[in-house]
Amino acid sequence: VVVALWEKLELKVIVHFGTLQVQEVYDFIHHLDGCSEFAEDFRQQEIDGQALILLKEAHVIQNLNIKLGPALKICSKVKYLMAVVNRSTS
C-alpha cells in the first residue's frame with residue numbers, strides 16, 4: 001500500500017511539479033529514502049513546487065541545515081523529475 005501511494009505521489013509530482021502545494025512537497029520529501037526527517041523543514045520554510053525547482057544543494061545544506069548526503073538525494077531526485085517533465089513536454 002505504501003509503495004502504491006508513493007508511486008501515485010511521484011506521478012503527481014512529475015505531472016504537476018511546479019504547482020505542488022507546501023503539503024505535497026512535504027509528502028514528497030517525507031517519502032524519499034533517508035530524507036523523511038527533513039520533510040518538516042521544507043514545510044516550515046513553506047517550500048512549494050516552484051521553490052523546490054529553484055533549490056540548489058547549497059540552499060538545502062546551508063539554509064535548511066540538512067546534511068550533505070540527504071541534501072544530495074533530495075536535489076538529485078528533483079533534477080531527475082525535472083528531466084522527466086522536460087522530456088514529456090518536448
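What you are looking at is a predicted structure, and each value in this text was computed from that prediction instead of being measured.
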Subject >> CA sep, side-chain torsions, deciding dist, call: L55, N63, side chain to side chain contact (heavy atoms under 4.5 Å, CB included) >> reply: CA-CA 10 Å; L55 277 180; N63 300 94; over 6 Å; no
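- With a 4.5 Å cut-off on side-chain heavy atoms, K79 and M82 do not count as touching.
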**OP:** Go through the steps for V60 and C75 under the test side chain to side chain contact (heavy atoms under 4.5 Å, CB included), then give the verdict.
**Re:** CA-CA 8 Å; V60 177; C75 291; 3.9 Å; yes
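- Annotation: E46, atom CD; neighbour count of heavy atoms from other residues, nucleotides and ligands within 6.0 Å does not exceed 12.
- By the 4.5 Å heavy-atom criterion applied to side chains, K77 and K73 are not counted as neighbours.
- Residues L52 and F28 meet the side-chain proximity criterion, which asks for heavy atoms closer than 4.5 Å.
- Using a 4.5 Å cut-off on side-chain heavy atoms (C-beta onward), I29 and I74 make contact.
- No donor-acceptor contact under 3.5 angstrom links the side chains of D41 and Q45, judged on distance only.
- A 4.5 Å side-chain heavy-atom check between F42 and D27 finds every atom pair outside the cut-off.
- Under the 4.5 Å side-chain contact rule for hydrophobic residues, V22 and I66 do not share a cluster.
- Under a 4.5 Å side-chain heavy-atom cut-off, the cluster of Ile, Leu, Val, Met, Phe, Trp and Tyr residues that includes I61 is completed by L68, L72.
- Closest of all the heavy-atom pairs between C35 and P70 is SG-O, 3.8 Å.
- No side-chain heavy atom of L20 sits less than 4.5 Å from a side-chain heavy atom of D48.
- Not one N or O on the side chain of H30 forms a donor-acceptor pair closer than 3.5 Å with the backbone of Y26.
- Within 6.0 Å of the CD atom in Q50, the count of heavy atoms belonging to other residues, nucleotides or ligands does not exceed 12.
- The two residues E24 and Q21 have their closest heavy-atom pair at OE1-N, 2.7 Å.
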